[in-house]
Every structure is written in C-alpha cells, then in structure tokens.
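In what follows, a single structure is set out as structure tokens and then discussed.
Protein chains get the first letters and strands the later ones, always in sequence-line order, with residue 1 at the start of each. All values below come from the heavy atoms of this structure, side chains included, with hydrogens, waters and symmetry mates left out.
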Amino acid sequence: MSKISKSFAGVPALKGVDFNVRGGEIHALLGANGAGKSTLMKILSGAYETDEGNIEAGGVSHAFRSPSDSKAAGIHCVYQEVDTSLVAHLTVSENIFLDNLASPKGKAWLSWGKLHDEASAVLERLGLHISPRTLVRDLTLSEKQLVLIARLSAQKAKFVILDEPTAPLSLEETEKLFGIMQGLKSDGIGVIFISHRLPEVLRISDRITVMRDGERVLTVRKEEIDSQGIVKAMLGRSFEEEFPKLQADIGKPVLTVARLEAGKRVRGVDLEVRQGEIVAVVGLVGAGKTELSRALFGADPIDRGTVAVNGKSAKLASPAEAVRAGIALVPEERRKEGIFVRESVLHNLSVPVLRAISRLGILSGKRERELANRQISDLGIKTSSATQQTAFLSGGNQQKVAIGKWLETDADVFVFDEPTKGVDVGAKRDIFRIIGTLAQQGKGILYLTCEFDEALGLADRILVMCDGSIVKSFNRGEATHEDLLKFASAVREELA
Amino acid sequence: ACGNKEKNNASSSAPASDTPSASASASSDGSSSVESLKGKKIALVMRFNTGTFSAQYVDGVKKQVAKYGGEVTVLASDNDLSKMAANLDSAVNQKFDGILVDHGDLAALTNGLNNAKAAGIPIVAFDSGLNSIEGITNLAQNDQQLAEFTLEKLAEEAGGKGNIVKVWVAGFPPMESRQISYKAFIEKYPEIKEIAAFGDASNPQLDTQNKLEAVLKQHPKKGDITAVWAAWDEFAKGAANAIKQAGRDEIKVYGIDLSDEDLKMIQDPTSPWVASAAVDPTSIGTVQVRFLYQKFNGDATPPEVQLEPVFVHRDALPKDKVITTADLSQYVPGWGSSDLGNTEYLKELETSVGAK
Amino acid sequence: MRKHLLPFSFKYGALLFIGLVILFFSLYNQYFFTYSNLTDILRSISIVTFVAIGVTISLLVDGFDLSVSATVSLSTVITASLMVWYEMPLVVVLIVPIAVGALIGLINSLLIVKIRIPDLLATLSVMYLVNGIHKNYTAGYSVYSHMPMPDGSTAPGEMSKAFLWIGQGKLLGIPFPVVLMVVAVAAVHVFFKYTRWGRQMIMTGGNEEAARLSGVKVKKIRMYAYVASGIFASIGGILFASRIGSGQIDAGAPMLMESVAAVFVGYSVFAAGRPNIIGTFFGAILMGVLVNGLTMMNVKYYQTDIVKGLVLIVALAVTFIHLNRRKA
Amino acid sequence: MRKHLLPFSFKYGALLFIGLVILFFSLYNQYFFTYSNLTDILRSISIVTFVAIGVTISLLVDGFDLSVSATVSLSTVITASLMVWYEMPLVVVLIVPIAVGALIGLINSLLIVKIRIPDLLATLSVMYLVNGIHKNYTAGYSVYSHMPMPDGSTAPGEMSKAFLWIGQGKLLGIPFPVVLMVVAVAAVHVFFKYTRWGRQMIMTGGNEEAARLSGVKVKKIRMYAYVASGIFASIGGILFASRIGSGQIDAGAPMLMESVAAVFVGYSVFAAGRPNIIGTFFGAILMGVLVNGLTMMNVKYYQTDIVKGLVLIVALAVTFIHLNRRKA
Ligand SMILES: Nc1ncnc2c1ncn2[C@@H]1O[C@H](COP(=O)(O)OP(=O)(O)OP(=O)(O)O)[C@@H](O)[C@H]1O
Ligand SMILES: Nc1ncnc2c1ncn2[C@@H]1O[C@H](COP(=O)(O)OP(=O)(O)OP(=O)(O)O)[C@@H](O)[C@H]1O
Ligand SMILES: [Mg+2]
Ligand SMILES: [Mg+2]
C-alpha cells in the first residue's frame with residue numbers, strides 16, 4: 001500500500017500512509033486510538049474506498065471498491081467490531097461460510113447437511129467446541145470472535161488481517177489463536193495483527209509498524225525495539241510512569257455486597273468497597289464481571305443477596321434506582337451502552353444530571369453549557385466544541401464522555417467495567433488520573449478488568465473473580481501477575 | 001323507521017310501472033304456504049357498509065325480514081369487490097335460502113351468481129346492473145334521474161345561469177351515472193359555468209369542507225358562486241358546513257342521497273343545503289325483501305324494478321318541528337311509503353308473525 | 001464547526017421551498033395570499049397537525065404509532081355521542097375522549113414496553129381493535145344532533161354551541177383551532193427543547209440502552225410518549241367533531257397517512273433528518289398550502305396526490321442526499 | 001441446544017391456534033368445513049397473500065414496502081385498460097403490469113439504496129405518487145368492458161375469457177388462484193431456504209454490514225427485494241382484475257393493512273419472531289378463516305375488526321413473551 005489517504009467528512013484519518021506485508025510474516029500494526037489502524041485495514045479489505053493512493057498485491061495494482069474485490073485478491077479480514085461481521089439470527093455454519101454464500105461464484109443451491117458437516121470440520125480442526133447449528137445470537141462474545149477466526153481459516157487467503165482479535169479472548173483462547181496464526185505463517189500467508197497489548201505483540205510478531213495521527217511513524221523488525229520504544233513512537237514522547245497512583249485516605253465502607261446472585265454468571269459474590277478505596281475485580285473473560293457490574297447497577301435483575309450503599313440497603317430494580325442510591329456505572333460497550341452517538345457532547349454529559357440543572361423541569365441552558373465545558377477541560381476531551389456530535393469523537397474521547405457524565409452526580413460508588421478497552425495509552429493515563437481523583441474525593445471505586453497489570457498498578461485491593469464468585473482477595477503489593485492468573489483460572493480448571 | 005309502512009300513501013303506487021305481477025300474483029295461496037315462508041335465512045351481500053345511508057338500508061332489510069319471521073346475515077365487503085365475490089361464494093356455500101345483493105358488479109359476481117342459481121337460491125339485487133343474468137330481480141335506483149332532479153331544481157332556482165361548483169368523484173357506478181346527467185345539464189344550460197370541481201371519496205366530508213373553503217376564498221364576492229352541486233350527500237355535508245361557516249348564505253347546496261342526518265341539515269333554515277333527491281334507503285331494503293319473498297313463494301318476478309327517486313326540498317318540509325325520514329312521507333309524496341312488491345299473502349305473513 | 005458551515009441552502013431549503021410554493025400560488029391567484037385564505041389553510045391543517053404531533057412524539061422515542069387514526073375515529077364518535085346521546089356538560093365531553101386517548105396510549109405502551117412487541121406490530125393490532133370498537137360503539141351509524149335511535153326514539157341531545165365554537169369560532173379574528181394548534185406546537189417544541197422530560201425522551205429515542213444506563217426510566221418515558229400520542233390524536237378527534245358538527249364513522253381513517261406525510265416532510269426542515277415538531281408543523285403547512293393552492297388552480301382531484309408524492313420525494317431526497325454526503 | 005428444547009407449545013402454538021379456530025367454526029356451522037368453503041377461503045386470500053409475500057420480502061431485507069397497495073391499484077387498472085381500451089393479447093396484458101410493478105420497485109430502491117432515504121419514508125412517498133398516477137391514468141374512472149369513454153365513444157375491448165379464467169377458473173377442481181398462490185409460496189420459501197440469493201437476502205436483512213463485508217452486493221440485493229415486492233404486488237393486482245372482471249379505482253387501498261396483518265401474524269408461526277414466508281401464508285389463512293367463520297356466525301362486520309385486532313395482539317404477545325423470556 002502506498003500513499004494511502006482517507007478523510008471522513010473533510011477530517012483526514014490517513015495521510016499518505018505506506019505499508020507493506022510479506023507472505024509468511026506476522027506484521028503487527030500499532031498505534032494509539034484513532035491513529036488510523038482500522039481505517040487503513042478497512043481500505044485494504046475493501047470496506048472503505050481510499051481517497052488517494054495505490055494498493056498492490058502480488059505485483060498487481062488493485063482498485064478495491066468492495067470487500068469482494070479484495071477477497072478476490074486473497075485478502076481477508078476479521079474486523080475489530082465483532083458484531084458488525086456476524087448475522088445474529090443465523091447458524092454458526094452459515095456465519096462461518098458467509099463469504100462462500102456471498103460469493104457470486106458459489107453454488108446456487110444450498111445443501112444444509114453438507115454445510116453443517118463442513119462447518120464441524122473447520123471447528124474441529126481449530127479445536128473449538130461450538131455446535132454448528134447454534135444461532136450466533138446465543139454465543140458469548142469470545143465464541144463469536146472464534147467463529148470469525150474459523151471463517152477466516154475456511155478461506156484460501158493470501159493475506160489475513162486481525163483487528164484486535166485478542167480483546168475479548170481469554171488467555172487459553174489467545175494461545176489457541178496464536179497457534180492458528182503460526183500455522184498461517186508457515187503456510188506462507190501474510191498476517192497483519194492489531195493489538196493494544198504490547199507483550200503479546202512482542203511475542204508473536206515478526207515486524208512492527210507504528211502509526212500516529214494517520215501517519216506511519218516507523219516500521220522495524222521486532223528485535224530492534226522494546227515496549228518503551230513502541231510507546232514512545234505511538235505517543236511521540238516517552239511514557240515514564242505507566243500507572244500513576246494517587247494516594248487517598250480510606251474511610252468507611254460505601255458499598256457492601258453480600259451473597260449476590262444474578263443470572264447464570266454471578267453466583268454468590270461478597271465484597272466491600274470503602275471511601276477512597278480502589279477495588280479491582282480481575283478475572284478472565286467470561287468470569288462474570290460485566291454481569292456483576294450490571295447487577296450492581298440494577299441493569300439486570302438480582303436473584304438473591306443484598307447490596308448496601310453507605311450502610312443503607314439499596315433496592316436495585318432499575319438503573320434509575322441505583323443512581324438514586326449513589327451508584328454510577330461506566331459500561332463496557334461504550335458505543336452501545338455508554339454514549340449517544342447521534343447527540344452532541346453537551347447533551348451526553350448532562351443526561352444523568354438533568355434534574356440538577358433544571359428547575360421545575362425547565363432546563364437551564366447556561367448551567368448545562370457550564371457543566372459541559374467544565375468536563376471537557378477537566379477530562380481533556382478533544383472535541384471541536386460542546387455541540388459536536390459524539391459519533392465524530394475518537395474512541396478514547398468517547399470513553400471520557402461516558403465517564404464524564406457521572407462526575408457531577410453525587411454518586412458514592414463508581415463502577416468501571418473495562419474502561420480502558422480499546423483505549424490508547426494516552427487516554428488510559430487520563431482515565432487513571434480521573435479515577436485517582438475520584439478516590440481522593442472519597443468515592444469508592446470498583447474497577448472490573450481483565451488486564452491484570454492495570455489492577456496491580458491501580459488498586460488498593462484486588463479481588464479475583466472466577467466463574468461467578470470471588471475466589472481470592474489480595475491487598476496492594478501482595479500479589480503478582482502470576483498469582484492473579486492462577487486464581488483466575490484455578491476454579492475453571494478444577495471444574496473441567 | 002319502518003313503523004308507518006302501513007300508511008299506504010296512494011300517490012306512491014304510480015312508479016311501479018313495469019311490475020304488474022307484483023299485485024297480480026297476490027293470489028290466494030293457502031296459509032300453509034305462509035307458514036312455509038317463515039324462518040328463512042337470508043344473506044345480505046354488501047359492497048359498502050359505512051355511513052348513515054347504508055346503515056338505514058340495512059335496517060330496512062332487517063326489519064322487513066324480521067316481520068316475516070326470518071333472519072338476516074350481513075356480509076360486508078369494505079368496498080372491495082374481490083371480498084364481495086368471496087362473500088357471495090361463502091353465502092352460496094352456507095346454503096342460505098335467499099341472497100340479497102347491494103351495489104354489486106356484474107363482472108365480479110357472475111360466477112358466484114351462477115353458482116347460486118345452480119344451487120337454486122333466489123337472488124334480488126339493488127343497484128348492481130345484473131340484468132344480463134336471467135332469473136335475478138334487479139332493483140335500480142335511477143341515478144341519472146336523481147341527478148336530473150337536483151340539477152333541474154338548481155337551474156330553476158338560479159334562473160338558468162350562474163357559476164357552480166361540482167363535488168364529485170369517479171370510480172363508483174352511481175357516481176359515474178350521475179356524471180352523465182351532469183354533462184347533459186352543462187350542455188343544456190350554456191350560461192351555467194362550472195368554476196371548480198373536486199372530490200375525495202376517502203375523506204368526503206372534511207376534504208370537501210377544506211377545499212370548498214379555498215374555492216370560496218378564490219371567489220370572495222357575494223354572487224360569484226351561485227350553487228354547489230354535490231353528487232353524494234357526504235360531500236354535501238362538507239359543502240354546507242364550509243358555506244355556513246364562511247357566512248356565504250347566498251350559495252345553495254344541492255345534494256343526492258338522503259339520510260336522517262342530511263334531512264336535519266336540509267331542514268335547518270340557516271343551512272345552505274336546500275334540496276336533495278333520493279330513494280328512501282329504508283324502503284329500498286323493504287322492497288328488496290318483499291321481492292325475495294315473492295320468489296320464495298314461486299311468483300314470477302320482473303327482472304327489473306325501478307325505484308323512483310323522490311325530490312326533497314326544504315320548502316316542502318315543516319318549519320315548526322324536526323322530522324326524521326320516518327316522518328317524511330307526510331310531507332313529501334312518494335317517500336318511504338312504497339307499497340311496491342307487497343302482496344296479500346305477505347301482509348298475511350306479517351300479521352301471522354306479528355301475532356306471535 | 002460543521003454545523004455553521006452547513007450550506008444555508010440545505011438548512012433552510014425546505015422553508016425556502018414552502019416560501020416559493022406560497023409565492024407561486026400568490027402570483028397565480030390574487031385571493032390566495034389573503035388573511036382569510038391563509039387562516040383557512042391553517043385551520044384546515046389543525047386536525048392533522050394535532051395527530052402529526054402525536055406521531056412525531058412516538059417517532060422521537062424511536063417508536064411508531066399506527067393507531068392514531070383509529071384513536072381519532074373513536075374520539076370523534078365518543079365526543080359526539082356524549083353530547084347527543086347523554087347530554088353531558090362540556091367538561092365531560094372534552095375530558096372523556098382525552099382519557100380514552102390516554103388509555104389507548106397506555107395499551108400501546110403496555111404491549112410495547114411490558115410485552116415487548118415491536119412498535120409497528122403492537123400499534124397496528126391496536127389500530128384494528130380500536131377501529132372495531134368505534135364502529136361497534138355506534139353500531140356503524142354516524143352520530144349527529146337528535147339522531148333517531150335504534151329503538152325508534154330520537155336522541156335527546158345536540159352538539160352544543162360552546163363545543164362547536166372550539167372548531168368553528170374565532171378568537172381575536174383568528175380561528176380558534178389555529179390558536180390551539182399554534183399553542184400546542186409551541187408548547188411541545190418548548191417541552192422537547194427545554195424540559196427535563198423532553199430531553200429524556202429524545203435521549204431515549206437516540207439510544208434506549210444508554211439512556212437506561214444513565215438512570216433514565218426509559219419504560220416510563222416510552223409509556224408517556226405513547227400516552228401523549230394517544231392524547232394528541234384524541235384532541236384531533238375532538239376538533240374533528242367540532243369542526244364538522246357531528247361524529248362520523250371512520251373519520252380518522254385518512255389521518256394516519258396525512259399526518260405521517262407531514263411528519264416526513266418535517267424531516268427535511270432544517271435538514272434535521274429526523275422527526276421534529278417544528279418540522280412537522282411546516283410539513284403540515286406545506287401539505288395544506290398545496291391542497292388549497294391546487295384547488296384554486298382547479299387541478300384535477302386525482303392529480304394532487306401526484307404533486308404530494310413528488311413534493312415528499314424531492315424534500316426527502318434533497319435532505320438525505322445532503323445528510324449522507326455529510327456523513328460519508 | 002436451546003432450539004430443540006423450545007417448548008412444543010410455542011413453536012407450534014400458532015398452528016395449533018389456527019387448528020382450534022377451524023375446529024370451532026366447523027362445529028359451529030356444518031357448512032364451514034366443506035371442500036367448497038375451504039377452497040373459497042383459500043381463493044379469497046390469494047390476492048392478499050401475493051401482496052403479503054412482497055411485504056415479507058421487503059421486511060426480510062430489513063425494509064418495509066408501504067407502496068404495495070398503490071402498486072396493486074395501478075396494476076389492476078393497467079391490466080383492465082390493456083384489454084378494454086387497447087385490446088391487447090394476453091401476454092401483453094400480463095407482462096406490462098408486472099413490468100410496471102418492477103419499475104415501481106426500482107424507483108423505491110433507487111430512493112432507498114442510492115439516495116438513502118429511510119424505507120418507510122421512501123415507500124410512503126412512492127405510495128402517494130403511484131396512487132396519484134393510477135387515478136390520473138383513468139381520470140378517476142374504473143375500467144370495465146365496453147365502458148363509455150370520455151369522448152363519448154365506447155371502449156372497444158372487453159376483459160378476455162382467458163384472462164378471467166386466471167382469477168375465476170379451476171384446475172383439477174382447485175381454483176386457479178389457489179394453485180398460483182401455493183406455487184408462489186412454495187417457490188419463494190424454497191428460494192429463501194435453499195438458494196444462494198435467498199440466503200444473501202436473509203443475511204442482508206440480518207446484518208447489512210456483515211453481508212457487505214462478506215462480499216454480498218447489498219445494494220443490489222435490496223434492490224432485487226424491492227423489485228420482487230413490486231412484482232408480487234402487481235401480480236396481486238392482475239389477480240384482482242381477473243377475479244372481479246374489471247379495473248376498480250383504489251382497489252388496492254385495503255391491501256396494505258391486510259397484508260401487513262398477515263405478515264405480522266406470521267411472526268408468531270414457529271415462534272420465529274421475524275418475517276417468514278410460511279408464517280405469512282398461515283397468517284393470511286388465519287385472517288381468511290376468521291373473516292369467513294365470523295361471517296357465518298353472523299358476527300357484525302364491525303366486530304370482526306375487534307376479533308382481528310385481538311387475535312393479532314394475542315398471537316404477538318405470546319410470541320414475544322416467549323422470545324424475550326428466552327433471551328433474558
Ligand atoms: N466512519 C467514520 N466516520 C467518521 N470518522 C471516522 C470513521 N471511522 C473512523 N473515523 C475516524 O478516523 C480516525 C481513525 O480511526 P480508526 O478506527 O482507524 O483508529 P484505530 O487506530 O483503529 O483506533 P482504535 O485503536 O481505537 O481501534 C479516528 O479519528 C476516527 O474517529
Ligand atoms: N453473545 C454475546 N454477544 C455479544 N456480546 C456478548 C455476548 N456475551 C457476552 N457479551 C459481552 O461480552 C463481554 C464479556 O462478557 P462475559 O460475561 O463473557 O465476561 P466478563 O467477565 O464480563 O468479561 P470481560 O468483562 O472481561 O469481557 C460483556 O461485555 C458481554 O456483555
Ligand atoms: Mg481500530
Ligand atoms: Mg465484561
């Protein structure tokens with residue numbers, strides 16, 4: 001790819017990027033959020049058309065106008081947003097062979113028996129235990145990701161793009177994926193791998209390309225660089241202290257949870273969060289963290305158990321009641337649950353505090369603007385103005401909006417569910433600073449994450465969650481990465 | 001509404017021009033045959049079923065059948081001929097003793113009617129143009145004459161000249177017949193000019209009201225518009241409202257079809273709606289049922305019966321009290337009092353049923 | 001800021017177009033641009049506007065209320081029957097149909113919010129139900145002053161003068177329905193723009209899950225929206241009865257399509273690309289102006305539909321070409 | 001596997017319900033469960049079923065074609081006029097309206113796919129336009145054999161016997177429209193279940209972006225869907241003309257709501273919760289059975305609407321309570 005440029009509505013996302021992959025290599029593509037990685041890959045896979053520039057594959061120049069063009073050239077892609085590439089109410093088989101069904105060269109008639117058999121074969125080859133007749137809407141996120149990988153391996157690809165495939169995967173599953181990637185590599189296929197997890201990038205890739213602000217900054221062999229160098233290249237400066245921990249005084253308990261059971265994934269959780277305390281809950285994907293956070297926020301029904309805020313028992317039948325009780329949640333899936341993409345930043349920031357900025361139901365425009373401007377400058381939200389539509393913000397800034405809207409409620413407990421998912425290091429640091437500040441103000445923080453390093457750096461206490469319950473508690477400094485991993489996967493192995 | 005059918009107004013017997021059999025066949029069949037006429041199940045297959053006119057018509061049918069000790073099932077078709085054809089088929093399947101058809105259509109119903117005939121079910125139709133099918137008695141309301149009545153009165157009251165507004169819509173057989181008279185009328189009176197024409201069957205009243213308001217504004221001077229001719233009473237209601245509310249009381253409205261609701265408006269001295277022509281919907285139903293019972297009795301019924309329209313003008317109505325169409329016969333000769341199709345044995349049947 | 005760069009022609013294109021249409025008719029006919037004709041036009045759209053406000057509200061919470069036309073019909077006959085059959089005082093005559101409209105909204109929202117039937121499906125079913133109920137209520141007859149009753153007697157009551165004034169009277173020279181309409185449009189606009197609940201409705205319509213997770217009681221909000229839709233439709237029905245002085249069967253039937261057309265034209269106003277009250281109002285005005293002006297031009301009745309369709313298509317095409325160009 | 005555990009009662013609940021309704025009517029009236037009545041019911045739903053197939057297809061690609069009713073009307077008058085005004089041979093009489101239906105579908109898809117006007121808005125505008133065009137085409141008149149023409153002459157042609165046989169004839173004792181309907185339902189079902197193009201439509205409807213990224217030409221697919229919808233509606237119109245032997249103005253007007261009701265009842269069949277052809281067919285059957293059976297019971301015509309509404313509500317409520325419980 002050479003001199004690729006692309007703008008969205010006049011705003012450049014890519015500025016003359018050159019990029020190349022060789023057959024039989026794993027080429028990592030890195031960069032902060034909004035650097036343009038996904039956009040570049042979407043152009044390569046034909047999802048977007050490029051404004052300028054040229055793409056060559058196998059020595060032939062291509063003009064990819066549609067995904068089928070680039071598929072014809074042997075380029076296949078697993079997109080970052082899993083749900084965009086799956087048809088929820090169809091079976092796993094059909095989703096695996098979606099490309100074949102979509103191809104104009106495919107067979108006109110469909111044999112269902114054969115389709116399921118072939119799908120079973122593919123799944124088996126990858127060692128995946130998913131029934132081909134299941135509807136995709138009944139799968140978990142990681143299973144969906146695996147179906148996409150199965151789709152990829154059912155194709156005769158020359159180049160494969162994996163855009164943040166590991167984000168929803170557990171360690172085991174990640175290992176499985178890496179095995180598949182190695183297999184592709186040894187078949188002479190070129191693999192492009194995008195991830196925000198530097199250790200795995202350094203482990204698996206052969207070459208690394210770093211992008212910043214729509215431009216390619218460097219391309220090097222893995223051996224020529226370390227993670228510090230990468231971070232520096234990504235941010236354009238060095239990144240000294242990864243997780244700045246602000247000190248806060250720890251006070252009375254603000255959140256007490258006893259024997260909480262909700263749905264299938266929360267099976268008896270006890271925990272306590274105190275004023276000024278940051279409690280991290282770590283666990284593998286599928287441990288039930290998201291479900292725990294939703295139950296605590298009244299978003300999903302609670303089956304049994306009690307939740308008390310500031311010593312007062314809280315009835316959590318709906319998020320509205322949770323908010324009244326003093327709980328705030330920053331949900332995991334920000335575009336779906338956290339923000340209103342079609343509305344302005346201004347309106348996004350004021351949703352939970354509409355009562356506070358209105359009198360007798362009439363909104364005060366002045367107070368709303370003041371509030372928004374305060375959040376925008378405090379949190380460093382990069383937006384052209386408060387009336388900018390939120391859809392046009394980058395991921396990290398959208399996350400800041402999702403957090404910012406809670407800051408002026410009088411919540412005592414803040415629950416963060418994977419707030420750094422798909423967020424670049426710069427924005428990540430801002431988010432940690434915000435969390436630290438909240439703790440200093442005496443708020444209780446419950447921080448759910450599958451990034452153990454974040455928990456180790458940030459938390460006063462770490463709870464390990466496994467299969468729906470808390471299996472271990474560590475105070476700050478007591479645990480290592482390995483300890484956490486051991487307990488997080490322990491129960492699962494025992495059960496297996 | 002049928003309470004005073006017995007008040008047999010002498011002047012009304014004239015219209016039944018080509019139906020000598022109606023009274024001739026009133027021979028003295030034994031009362032045993034009267035007994036056999038009781039308990040008939042009759043299907044009424046209708047094309048339209050909304051509005052006061054239809055409701056009164058259905059009422060007429062039901063009351064008359066009840067008087068004969070029978071039972072009516074109404075099969076309504078929402079102005080959808082394919083549904084009407086299906087309804088007719090369904091009536092044949094259910095082996096009704098007799099079928100009444102309202103506003104049918106020859107092409108759409110031919111099949112079903114032939115099936116009915118094959119099954120030996122007698123049929124009497126109203127305003128359906130089924131004359132080409134043998135054995136069916138067709139009642140027809142003379143739509144061209146209805147239109148002529150009102151148009152001639154309009155010309156007379158306007159002195160043969162002026163500007164008029166036509167509210168009319170094509171697509172319905174009666175409307176299209178009325179248009180024929182209208183065309184002749186415009187040719188006959190060259191000094192009468194049509195200055196506007198509109199109409200919308202899906203929203204007749206309010207649409208007419210709104211559009212006529214526009215026309216009134218377009219011709220703001222008194223005397224610019226002489227009269228409004230509405231080919232359907234639903235249009236006339238809207239037109240009368242618009243004129244009344246605009247205070248343009250010099251404009252008169254002439255309508256066609258008359259229901260109780262319309263009569264109220266015509267009687268109101270402040271209403272611009274002065275005249276209408278119609279056949280009493282209730283007595284259409286009554287007469288249709290009588291002919292069906294004649295068929296039950298095995299009488300030879302004429303293939304065609306013309307229902308003569310009646311012209312109703314405000315001048316003929318009482319000023320001191322509000323009347324309904326049931327009372328109209330006292331003021332307007334020929335209204336609601338038709339003894340058309342009645343026979344001795346049918347009267348006997350009525351008394352025999354009434355006695356129980 | 002893009003918003004400020006938005007070409008003038010797009011943002012005000014729809015208004016400009018309405019202006020041009022008015023100009024054209026004014027030049028064509030000297031009586032078009034007169035005070036009395038313009039107020040007539042406004043009066044003629046008042047009923048549709050009320051219904052359209054309801055539809056707009058349901059669309060704003062990302063729903064769609066197809067039952068409004070049936071509600072108009074039911075409300076019309078109830079209103080008339082309260083006076084004609086039961087001789088009720090004016091207050092009752094006004095309150096009962098509004099309560100019934102609210103009840104229909106409640107049923108809709110029960111089906112949509114509790115049972116979670118998709119909006120179109122739920123409101124279509126309710127449309128059938130309410131249509132049946134309204135015809136059943138009057139046994140298929142229209143309701144008018146001193147009508148004959150099935151039992152042979154005459155209905156005791158008549159449409160009261162005070163009631164008829166609502167639809168036919170004037171206040172300071174302005175037809176009262178126009179006053180009502182303008183007040184309603186302004187009030188609803190203010191409601192959505194400046195009140196907490198209005199904002200919550202808009203946010204709920206924008207992303208229901210995000211709104212719920214922001215502590216908005218989205219079920220209640222959606223319920224209120226459908227209740228409001230029912231109430232506005234029933235006000236439309238009351239106005240209908242008072243405008244024509246009787247309760248006609250199936251009066252509301254054409255209202256759904258007409259109000260939806262107004263709402264959809266409204267998408268183009270200010271190039272919003274989504275439902276908005278002011279847009280709906282201008283949409284209704286455009287439709288009213290077209291009908292009035294084309295009637296004055298004595299365009300055949302069957303041609304006005306073509307014009308309406310073309311206007312809708314052009315308005316929407318211009319808006320969406322523009323919106324999509326902006327996005328892409 | 002959930003699917004296999006799906007309680008029998010839900011999956012077959014809708015079919016069971018239809019069975020019970022038929023049983024009830026059969027017990028109530030001896031004439032209900034006769035060969036001739038049952039084939040009559042099927043014939044009576046044949047037109048609506050064709051229109052409903054079109055609507056189902058548009059819903060399957062996640063659109064909604066509101067213009068079908070207008071297409072039926074236009075196709076009916078074109079068909080009749082080709083015979084009555086122009087004395088065309090049967091082939092032409094059949095091909096021209098279908099081509100016109102396809103053209104309307106093309107216009108819809110142009111607006112939706114190219115200009116990206118949302119489906120409801122685009123097809124509603126086209127509905128207005130086509131409604132206007134069909135009335136304009138006949139100057140508001142219905143078209144029938146040897147009709148008088150505006151110039152005073154008489155139309156030369158008449159509805160041909162062969163043509164009328166399509167709507168009124170029988171094949172091996174089965175009404176021909178029923179044969180056509182069953183063939184169409186089966187063919188469309190097979191198309192969606194077993195052909196690549198059918199699956200591509202379903203993919204596109206399920207997740208347009210995923211389909212696009214897999215290389216489905218989604219714009220083309222959506223275009224085909226709207227063209228198919230237009231074609232099925234126009235076949236409905238042809239059947240209409242041949243069933244009633246004339247071309248009535250506004251013949252299609254009631255078809256939209258009726259076909260949509262059938263499609264929506266179809267959501268409940270096999271507890272699919274989505275549009276599906278077999279469901280649509282059973283939905284149409286249920287509606288036809290209800291109308292026929294209730295009429296036999298001498299239920300007032302305005303009460304059948306209530307029953308229809310209630311049946312729709314119950315069918316949808318049961319389905320969605322079930323689907324949502326499953327999800328939760
Ligand atoms: N469809 C779109 N419309 C408008 N702007 C877009 C669109 N897609 C991407 N952008 C913008 O283009 C820029 C590059 O985004 P891109 O998704 O390529 O980043 P990325 O490097 O993949 O980031 P991440 O690590 O968050 O996935 C961002 O500023 C983003 O806001
Ligand atoms: N079938 C699914 N389709 C799409 N998203 C899903 C699905 N199942 C779960 N998710 C989402 O994926 C995420 C993973 O949820 P899960 O319950 O599996 O584990 P978790 O402990 O919350 O893990 P984590 O928070 O680390 O992702 C959650 O955001 C959940 O909402
Ligand atoms: Mg990305
Ligand atoms: Mg999670």
Side-chain angles (χ1 to χ4, degrees), chain B residues 41-50 54-55 58 71-96 104-112 114-115 119 129 168-173 175-177 179-180 183 197-202, chain D residues 29-32 34-41 43-48 76 80 135 138-142 144-145 147-148 150 152 158-159 164 167-169 175 177 239-241 243-246 248-255 258 288 291-293 295-302 304-305:
Chain B
K41 283 174 61 196
I42 291 160
L44 170 58
V45 180
M46 300 179 72
R47 178 163 169 189
F48 310 100
N49 45 38
T50 45
S54 295
V58 173
E71 193 191 329
V72 186
T73 300
V74 179
L75 296 93
S77 316
D78 292 323
N79 196 21
D80 176 345
L81 277 177
S82 76
K83 213 178 269 173
M84 188 171 189
N87 277 332
L88 179 61
D89 292 338
S90 163
V92 175
N93 281 333
Q94 291 175 65
K95 303 195 172 26
F96 277 99
D105 177 276
L106 179 65
L109 301 182
T110 304
N111 259 352
N114 284 333
N115 290 344
W168 171 86
V169 68
F172 305 91
M175 289 290 181
E176 293 180 5
S177 301
Q179 168 66 12
I180 296 171
K183 216 171 148 204
F198 51 83
D200 179 353
S202 70
Chain D
N29 191 311
Q30 51 170 322
Y31 301 116
F32 180 83
T34 57
Y35 178 77
S36 63
N37 191 49
L38 294 182
T39 51
D40 274 357
I41 292 179
R43 186 170 56 188
S44 75
I45 63 166
S46 57
I47 300 169
V48 167
T76 309
K135 283 195 200 131
T138 70
Y141 283 83
S142 294
Y144 47 93
S145 301
M147 66 187 281
E158 59 179 20
M159 308 287 285
L164 293 180
Q168 305 179 5
L239 272 183
F240 200 111
R243 177 105 170 88
I244 69 171
S246 63
Q248 297 290 321
I249 280 296
D250 263 337
M255 294 288 152
E258 282 179 31
V291 169
N292 181 288
T295 317
M296 285 198 175
M297 288 179 71
N298 205 1
V299 165
K300 299 240 163 36
Y301 69 86
Y302 41 78
T304 46
D305 262 357

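- Residue D/Glu258 touches chain B through its side chain alone, counting heavy-atom pairs closer than 4.5 Å.
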Just do the side chain to side chain contact (heavy atoms under 4.5 Å, CB included) check on B/Val74 and B/Val58 with the steps written out, would you? CA-CA 8 Å; B/Val74 179; B/Val58 173; 4.1 Å; yes
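- A side-chain donor-acceptor contact under 3.5 Å links D/Ser145 to the backbone of D/Met159.
- For D/Met255, the part sitting under 4.5 Å from any heavy atom of chain B is the side chain, from C-beta outward, and nothing else.
- For the pair B/Trp168 (side chain) and B/Phe198 (backbone), a donor-acceptor distance under 3.5 Å is absent.
- Residue contact with chain B, scored on non-hydrogen atoms closer than 4.5 Å, involves the backbone and the side chain of D/Gln168 alike.
- Heavy-atom distances place no part of D/Asp250 under 4.5 Å from chain B, backbone and side chain included.
- Nearest heavy atoms, B/Leu109 versus B/Gly104: CD1-CA, 3.7 Å.
- If you measure heavy-atom distances from B/Val92 to chain D, you find no contacts under 4.5 Å at all.
- Salt bridge status for B/Asp80 with B/Arg47: absent, with no side-chain N to carboxylate O gap under 4.0 Å.
- For B/Asp89, the parts lying under 4.5 angstrom from a heavy atom of chain D are both the backbone and the side chain.
- Using a 4.5 Å heavy-atom cutoff, the side chains of B/Ser90 and B/Leu75 are in contact.
- Heavy atoms closer than 4.5 Å to chain B are found in the side chain of D/Tyr144, but not in its backbone.
- Heavy atoms closer than 4.5 Å to chain B are found in the side chain of D/Phe240, but not in its backbone.
- The part of D/Arg43 that comes within reach of chain B is its side chain, from C-beta onward, which places non-hydrogen atoms under 4.5 angstrom from that chain.
- The closest side-chain donor-acceptor pair between D/Ser246 and D/Gln248 falls under 3.5 angstrom.
- Under 3.5 Å, the side chains of D/Asp40 and B/Asn93 contain a donor-acceptor pair of N or O atoms.
- Contact of D/Ala139 with chain B is made through the backbone alone, with heavy-atom distances under 4.5 Å.
- Contacts of D/Asn37 with chain B are made by both backbone and side-chain atoms, with heavy-atom separations under 4.5 Å.
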